Amino acid sequence: MTHTGLVARVLIDSPLPQLDHLFDYAIPAELADVAQPGVRVKVPFGSSGRVVGGYLIERVEPATDDAAPAVAGAAAGGADAGGAGAGGAGAGGGADPLFHGTLSPLESVVSPARVLTGEVWTLARAVADRSAGNAGDVIRLAVPPRRVRVEKAWLAQPADAADTAGGKAAACHFADYPAGALTGIIAQRGRAAVAAVPRPVLLADGRTVGQWALTLAELGVAALAAGRSAILAVPDYRDQDQLQAALAQLAPAGSVRRVDARQSDPDRYRDFLACLDPVPRIIIGNRSAVYAPAHELGLIALWDDGDPLYAEPLSPYVHARDAALVRQQQADCALVFLGHARSVEVQRLVGLGWLQSIEPARAQHPRVIPTELQATDARGARIPSAAWGAAREALARGPVLVQVASPGYAPVLACTTCRHAARCTRCQGPLGLAAADAAPSCRWCGALAVGWHCPLCEGTEFRLVTVGSGRTAEELGRAFPGVRVIVADGDHIVQRVDAAPALVIATRGAEPLAHGGYQAVLLLDGERMLARESLRVGEDCLRWWSNAAALAAPGAPVMLVGVGGVLARTLSLWQQPRYAAAELADRRSLRFPPALRAASVTGAAPAVEAALDGLTGIDGVDVLGPVGADEGSVRAIVRLPYAAGDQVAHALKAAVVRAATGRRPAKGRGYRPPPTLKVRFDDPELL
DNA sequence: AGCACGCCGACT
DNA sequence: GTCGGCGTGCTC
């Protein structure tokens with residue numbers, strides 16, 4: 001077989017941390033023209049030479065240095081894992097020295113489609129490195145599974161220029177913002193935290209969307225007008241629908257592509273391939289959209305970055321916000337975080353001067369009226385008279401939104417006699433009523449609680465402790481006879497309601513849009529939402545309330561019930577950034593994220609010990625634990641300054657590799673595969 | 001993950 | 001004297 005003399009550097013498709021680097025292969029002459037960077041390849045791998053998949057990352061000249069070739073069987077150098085932590089910012093991929101043995105040839109090139117662009121590879125590598133993860137895991141988010149037919153069609157008919165040329169781009173004036181502020185961000189590739197305008201707008205096609213969707217669409221169109229691509233990410237499909245509606249008004253037909261997992265596999269792959277075309281596009285999608293290939297990327301924008309859906313549940317668990325930050329630096333494009341609330345993470349970057357804070361030119365925010373529950377409102381009544389009054393008055397004009405904490409009818413039951421919360425006899429889950437006439441059942445396992453009796457006092461009667469959307473609907477329906485009642489929660493998804501009077505009872509995050517906006521918004525259950533024990537409750541509640549308040553028609557009252565203090569003040573003055581700044585100061589004094597970074601290290605005690613040993617001497621790092629976690633494993637939490645990120649991630653990755661290659665746990669009879677070492681950076685649930 | 005290489009118990 | 005156990009290490 002003749003070879004070209006060129007070397008292909010290949011990333012093997014494998015989840016094993018010890019294989020997360022490039023392997024060198026000879027390029028046979030017959031593959032010379034298709035073996036281009038970015039193509040999928042098959043290569044012989046391992047002692048048996050079995051064929052595995054991978055991506056061709058780069059083509060290089062063979063090593064020119066004089067190092068003695070082929071040390072045959074002898075221990076050839078061995079991967080020296082503990083390399084000095086240079087923490088270099090530069091080095092894209094070629095960190096490991098070229099292999100000097102005899103190269104195996106590529107076995108085949110799967111297709112000439114170059115699906116992994118250099119830019120996405122560099123991003124995947126950097127994102128994996130900063131979280132001690134595998135580049136391959138990140139690439140899985142970036143490159144959808146191959147669909148042969150779709151790919152053939154795309155290869156046969158590449159970049160249809162007419163595709164994007166058709167249609168006019170609307171002029172983007174960003175009328176709500178100071179002149180030039182947002183156009184400047186796009187033109188100068190700046191970075192900004194932008195406060196969205198909290199009001200619904202009516203589009204020319206008769207649909208209502210949040211003004212934020214128009215702003216986001218305008219940003220994308222502005223990038224497109226400059227001949228560059230834009231990535232617009234949203235947390236969920238309801239937001240994506242709004243954005244699509246806005247883009248339909250503003251963007252040239254054919255310039256918009258979606259990349260999200262809800263599409264059928266062929267559709268998803270088709271849109272993904274279209275992003276590879278050498279034409280600027282507006283790419284929209286959920287958290288993984290930040291990894292989409294884009295021709296001449298000019299902008300990455302995230303709507304509502306505080307939404308937990310941006311936290312990637314797959315290893316290496318990188319938050320889309322972080323991936324966007326890494327990519328912005330690599331691509332040197334504009335970066336925008338648009339939102340009503342402000343996440344503490346974004347506020348930190350504003351404080352550093354990394355992000356510029358941009359607000360609408362004229363303060364125009366919802367009319368929020370904090371309403372403490374009065375003693376006169378009697379026990380059980382969650383709705384103060386002022387809120388009743390606002391609702392009654394508003395119902396004469398149109399729909400009223402009522403935000404509640406929980407779906408269902410009565411999500412929590414307690415024993416009538418001793419008042420202790422009722423728990424499932426099988427799994428200890430909380431018992432609740434799904435509907436007024438339903439039998440009590442467990443909210444975790446679903447088992448019906450037949451013949452329940454209280455383990456503490458032997459009582460057999462339930463008392464309804466909390467109120468869900470269903471019971472609120474019942475209660476309000478009785479109070480306003482004849483008024484339409486619409487329930488919107490996880491089980492009953494309602495996207496939009498018309499302008500006719502209706503009571504819309506929605507759980508937080510599931511609020512439908514109302515044509516023309518709600519005539520009043522009642523934010524109930526605030527007290528209960530705040531009772532969740534999480535470091536972020538305040539921030540989360542503020543985000544839920546802000547997003548719901550933004551659905552109100554201009555001037556319509558937003559009644560915040562049962563909440564006072566700084567949160568009520570923040571919402572009514574619409575000063576979310578100030579709240580985030582105070583929150584950040586608190587986190588700083590507690591040494592909690594995002595004032596610094598944190599990583600959890602979980603696994604068998606010796607492996608965790610060894611991993612922590614690798615961190616000694618790194619400035620500013622401290623360790624909590626380890627403490628016993630589940631099933632024979634322990635967990636430690638490492639806190640580190642941002643500046644130590646590279647070094648800590650590098651050391652922990654080395655420990656993960658060592659744990660994976662070192663002595664394998666006795667695989668004797670029956671014993672479960674014991675816990676290997678797991679590292680998770682920036683887990684939002686951590687503290 | 002697979003798979004090969006390598007050093008200790010019961011078999012023709 | 002060998003066949004074969006799976007502990008250990010590597011895969012361009």
Side-chain angles (χ1 to χ4, degrees), chain A residues 1 3-29 31-32 35-37 39-65 67-83 92-110 116 121 125 133-137 139-140 314-316 603-604 606-607 610 653-678:
Chain A
M1 189 184 311
H3 290 169
T4 55
L6 280 176
V7 172
R9 312 207 72 213
V10 172
L11 183 80
I12 303 293
D13 182 17
S14 159
L16 300 175
Q18 62 270 43
L19 303 185
D20 180 29
H21 61 92
L22 301 184
F23 290 87
D24 294 350
Y25 288 87
I27 301 181
L31 296 181
Q36 296 296 333
V39 299
R40 291 183 167 99
V41 292
K42 299 277 186 199
V43 294
F45 194 72
S47 40
S48 59
R50 76 208 155 83
V51 171
V52 300
Y55 291 97
L56 198 162
I57 300 300
E58 55 182 350
R59 287 160 59 121
V60 296
E61 297 295 329
T64 52
D65 60 51
V71 193
D80 95 281
D96 11 309
L98 284 181
F99 178 73
H100 288 301
T102 310
L103 297 183
S104 301
L106 293 180
E107 131 80 46
S108 61
V109 171
V110 174
L116 180 62
W121 158 249
R125 184 69 274 165
N134 280 232
D137 287 339
I139 291 172
R140 242 185 300 287
L314 298 176
S315 170
K653 174 66 177 292
V656 169
V657 171
R658 262 185 275 121
T661 56
R663 45 197 101 309
R664 247 176 318 245
K667 67 165 173 181
R669 62 274 136 176
Y671 282 119
R672 70 171 57 59
T676 56
L677 190 63
K678 284 202 191 113

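All heavy atoms count here, side chains included; hydrogens, waters and symmetry mates do not. Convention: sequence-line order gives letters A, B, ...; per-chain numbering from 1. All values derive from a computational prediction rather than experimental measurement.
- Each of dC12(C), dT11(C), dA4(B) was ranked by its minimum atom distance to the side chain of Ser48(A); first place goes to dA4(B).
- Going from atom CG of Asp20(A) over to atom P of dC10(C) covers 18 Å, rounded to whole Å.
- When distances are taken from the side chain of Phe23(A) to each of dA4(B), dA1(B), dT11(C), the shortest belongs to dT11(C).
- Contacts of Asp20(A) classified as salt bridge (charged side-chain N to carboxylate O under 4.0 Å, His left out), with partners at least two apart in sequence or in another chain: Arg125(A), Lys653(A).
- The closest side-chain heavy-atom distance from Arg9(A) to Phe23(A) is not below 4.5 Å.
- The CZ-C1' distance, from Arg50(A) to dC3(B), rounds to 8 Å in whole Å.
- Taking atom CG of Leu11(A) as the reference point, atom P of dC12(C) lies 14 Å away to the nearest angstrom.
- The CD atom of Gln18(A) sits 16 Å away from the P atom of dT8(C) (whole-angstrom rounding).
- Here the side chain of Asp24(A) is nearest to one of dT11(C), dC12(C), dA4(B), namely dC12(C).
- Taking atom CG of Asp137(A) as the reference point, atom P of dA1(B) lies 14 Å away to the nearest angstrom.
- One can place CZ of Arg658(A) at 17 Å from P of dT8(C), the figure rounded to the nearest angstrom.
- Among the atoms of the strands shown, only primed sugar atoms or phosphate atoms (P, OP1, OP2) are found under 4.0 Å from some heavy atom of Pro44(A).
- Summarising the geometry, the separation between CZ on Phe45(A) and P on dA4(B) is reported as 14 Å, rounded to the nearest angstrom.
- Here the side chains of Leu11(A) and Ile139(A) are in contact, with some heavy-atom distance below 4.5 Å.
- Computed from coordinates, the Leu19(A) CG to dC10(C) P distance equals 12 Å when rounded to whole Å.
- Contacts of Arg50(A) classified as side chain to side chain contact (heavy atoms under 4.5 Å, CB included), with partners at least two apart in sequence or in another chain: Ser48(A), Val52(A).
- Within the 4.0 angstrom heavy-atom criterion, no nucleotide atom of any strand lies near Ile12(A).
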